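Since we're looking at a predicted model, the values are computed, not measured. In the text below, chain A, chain B and the rest are named by the order of the sequence lines, each starting its count at 1. Both backbone and side-chain heavy atoms feed into the values below; hydrogens, waters and symmetry mates do not.
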Number of protein chains: 2
Amino acid sequence: MNIGDVAERSGLPAKTIRYYEDIGLVKPLRSANGYRSFRNRDVHKLAFLGRARALGFSIEDCRNLLKLYEDDHRTSAEVKHIAEDHLDRIDQKIAELTEMRATLAHLVNACAGDHRPDCPILADLAPKPNEISSAE
Amino acid sequence: MNIGDVAERSGLPAKTIRYYEDIGLVKPLRSANGYRSFRNRDVHKLAFLGRARALGFSIEDCRNLLKLYEDDHRTSAEVKHIAEDHLDRIDQKIAELTEMRATLAHLVNACAGDHRPDCPILADLAPKPNEISSAE
DNA sequence: ATTGACCTTCCAGTTGGTGGAACCTCTATC
DNA sequence: GATAGAGGTTCCACCAACTGGAAGGTCAAT
């Protein structure tokens with residue numbers, strides 16, 4: 001199968017598929033004309049990757065998940081470990097964003113948003129006199 | 001003031017300060033020895049940038065906020081607009097992550113995490129037979 | 001004179017692709 | 001056989017926002 005068909009089937013752009021080959025995630029064969037020739041298992045892998053990426057797993061996580069996926073002797077503990085780590089990272093990210101959101105929403109709320117220059121948002125961003133001790 | 005002192009005062013790494021000069025966010029003077037010489041307003045700006053970045057504003061947002069900050073003829077509407085756009089982007093990001101989190105938490109929960117190979121996480125990532133029509 | 005803490009520039013790498021240029025191949029049509 | 005168009009190929013550059021490191025200059029103190 002050529003890359004265009006694979007792109008359609010896996011839902012990944014052809015560029016991305018070539019990139020995944022570059023970094024060793026898939027190893028399609030080559031036809032006599034130099035075109036990549038994908039087997040069903042390649043397409044299968046790519047679909048797996050697309051789904052894992054959609055869940056936010058890093059490429060390195062994907063690489064490891066793929067390895068486990070293809071290893072009959074894996075343990076579910078190994079898989080779970082990767083997923084739990086990722087879950088923790090997501091939770092942390094959500095916490096960060098939620099805090100930003102709270103501060104920002106507060107400031108936006110306090111800002112009149114009119115023609116005058118006074119703005120609580122800028123006032124908050126501006127360093128307070130005590131934060132930066134002056135000296136040359 | 002030399003970059004080391006500025007780094008300490010602004011809370012930004014020296015590397016980052018140099019980078020901010022590179023991309024035109026600050027324009028410190030130079031001493032005879034070639035060292036960067038920061039005025040109080042440079043330090044002020046850098047602290048502003050640090051705070052804006054901590055709230056997740058992009059560098060381009062920061063550039064615009066800084067411009068408004070230094071413009072006596074700004075309107076709070078302009079500032080508010082930037083902040084609201086950013087808030088929207090944050091909300092969208094939180095929504096994405098929250099959805100990922102839900103799926104992932106569900107899968108992690110369903111996974112025994114023991115020595116056996118059966119794993120609902122991998123099962124979910126694997127393409128279902130109907131998703132990929134086979135053909136060579 | 002030398003040590004060590006600063007400072008300088010420049011180049012490369014990070015993450016996960018994306019866009020474009022220049023060029024080759026295949027199929028269909030005239 | 002020529003040609004057009006839709007595929008494919010490689011390679012290089014770029015995005016954000018830094019960060020690490022190498023090679024070297026400067027300064028203050030011993």
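- Distance, I59(B) CD1 to dT19(D) P: 11 Å, rounded to whole Å.
- Rounded to an integer number of Å, the gap from CG of D61(B) to C1' of dA16(D) is 13 Å.
- Looking only at side-chain heavy atoms (C-beta outward), H44(B) and Y69(B) come within less than 4.5 Å of each other.
- Comparing Y35(B) and R53(B) by the nucleotide of DNA chain D whose heavy atom lies nearest to each, the residue mapping closer to the 5' end is R53(B).
- Relative to the side chain of R18(A), the nucleotides dC27(D), dT10(D), dA17(D) differ in distance, and dT10(D) lies closest.
- Each of K15(A) and A32(A) was assigned the nucleotide of DNA chain C with the nearest heavy atom; the assignment lying further toward the 5' end belongs to K15(A).
- Taking atom CG of residue D22(B) and atom P of nucleotide dA16(D), one finds them 14 Å apart after rounding to whole Å.
- Looking at S10(A) and I17(A), their side chains come closer than 4.5 Å, going by heavy atoms from C-beta outward.
- Using a 4.0 Å cutoff to heavy atoms of chain A, the contacted part of DNA chain C runs 5' to 3' from dG16(C) to dC26(C).
- When each of R36(B), K15(B), K45(B) is tested with E21(B) by the rule salt bridge (Lys or Arg N to Asp or Glu O under 4.0 Å), just one qualifies, namely R36(B).
- Rounded to a whole Å, the CZ atom of R36(B) is 17 Å from the C1' atom of dC27(D).
- For the pair E21(B) CD and dC18(D) C1', the computed distance is 16 Å after rounding to whole Å.
- Under the 4.0 Å criterion applied to side-chain N and carboxylate O atoms, R9(B) and D42(B) are not assigned as salt-bridge partners.
- In this structure, I17(B) atom CD1 and dC18(D) atom C1' are separated by 13 Å, rounded to whole Å.
- Counting non-hydrogen atoms under 4.0 angstrom, I23(B) reaches nothing in the nucleic acid.
- Distance check: M1(B) CE to S37(B) OG gives 8.5 Å after rounding to the nearest 0.5 Å.
- Between its two ends, the helix from dA1(C)-dT30(D) to dC30(C)-dG1(D) turns its axis by 40°, counting five pairs per end and rounding to 10 degrees.
- Here dC14(D) presents its P atom at 17 Å from CD of E60(B), a figure rounded to the nearest Å.
- Residue F57(B) is classed as having no contact, given no heavy-atom separation below 4.0 Å to the nucleic acid.
- Listed by chain and residue number, H86(B) satisfy the ring pair (Phe, Tyr, Trp, His ring centres under 6.0 Å) test with F57(B) (two or more places apart in sequence, or in another chain).
- The distance between atom OH of Y19(A) and atom P of dC12(D), rounded to the nearest whole Å, is 17 Å.
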